[in-house]
Amino acid sequence: MPRTLDPELRRALAARIRYYNEMGIYDFYRRPVSAHAEEVALPIAVDEEEFATSQNTFEPGEEMSPRKATAVAVPVEENIFEVIALKPEQSVSNPVKALKIIREDLGDCKRCVLHKQGRKQIVFGVGNPKAELMFVGEGPGADEDEKGEPFVGRAGQLLNNMIKAMGIEREQVYIANIVKCRPPGNRTPEREECATCSPFLMRQIAVVKPKVIVALGAVAAKTLLAMNASMMQLRGRFYDFKPAGVRSNDPNWDGCKLAVTYHPAFLLRDPRQKGEAWKDLQMVMKELGMKAPKSNT
Ligand code: SF4
């Protein structure tokens with residue numbers, strides 16, 4: 001039977017970890033589990049297993065029927081066992097330099113199998129390093145792989161139009177993907193690949209410090225929010241978001257809002273959903289105090 005932590009104990013542990021974080025201590029190690037310690041260690045192991053299982057079902061397509069969804073969309077609980085290590089870019093205040101450090105750290109990345117499945121280059125991210133608005137997609141396609149920039153193909157054109165409809169230019173936002181290498185045949189990235197690559201995206205987010213992130217499609221939403229739910233359940237609301245495993249060097253930035261909308265590639269396949277996507281973007285615009293150009297209102 002799975003065991004869960006007593007809520008009181010959970011709160012006490014969270015408070016203790018926050019206390020250590022405030023003292024500048026971010027790395028925690030678990031002792032090897034002895035026979036005596038097993039009872040204490042078990043709830044932690046169970047939590048990790050539950051977390052792994054909850055992310056395990058990326059299903060193709062943008063919509064799952066509510067019956068197939070395995071969990072109701074709820075905000076992610078604070079992960080009290082999260083290990084936050086200091087990253088080299090955190091001592092750098094210039095976001096351009098900080099992003100460069102992350103890119104250098106990524107190097108000629110071979111951390112997941114996507115490096116040997118036909119990628120031409122790593123597609124890191126593009127745009128304003130101080131953007132208030134950030135778009136996160138799933139992964140590069142053929143055009144992006146060719147040019148080394150996210151969202152430059154047909155879906156990219158549509159994303160540009162969506163950004164323009166909001167009354168801003170592509171250069172004003174920051175755009176990145178969950179995985180930075182093209183999955184072969186434009187398949188959906190595997191959970192393992194998302195988990196391996198997304199820590200670099202989390203670091204990019206902590207540097208850019210957006211006010212709002214728009215997750216484009218189910219893979220981006222599920223990875224960022226660490227939850228499994230249908231697009232229908234995920235859209236239409238804001239989530240409080242903090243990049244996992246990393247913190248910003250700006251004490252005034254304590255995370256941002258995250259909204260979910262359809263991936264532009266899905267909207268190309270089903271243009272009837274464009275109106276729904278526009279509703280999502282209008283919600284974002286309201287949050288950012290933006291006004292659409294007259295022609296869109
Ligand atoms: S997808 Fe990410 S983790 Fe995998 S090889 Fe490319 S850069 Fe590395």
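Numbers here simply count residues along the sequence, with the first being 1. Both counts, for ligands and for their atoms, begin at 1 and track the order of listing.
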Cation-pi between Lys257 and Tyr239: NZ/CZ under 6.0 Å from ring centre and within 45° of the ring axis? no
In this structure, which one of Ile213, Thr261, Leu133 forms a side-chain contact (heavy atoms from CB on, under 4.5 Å) with Val284? Leu133
Can you find a side-chain donor-acceptor pair between Arg103 and Gln204 that sits under 3.5 Å? no
Mind checking whether His263 and Phe135 have ring centres under 6.0 Å apart? no
I'd like to know if Glu193 and Arg111 make a salt bridge, using a cut-off of under 4.0 Å between side-chain N and carboxylate O. no
Apart from Val113 itself, residues in the same hydrophobic cluster as defined by side-chain heavy atoms under 4.5 Å: none
Sort by chain and number the protein N/O/S atoms found under 2.8 Å from atom 4 (Fe) of ligand 1. Cys112 SG
For Arg119, the atoms of ligand 1 under 4.0 Å from one of its heavy atoms are 5 (S), 6 (Fe)
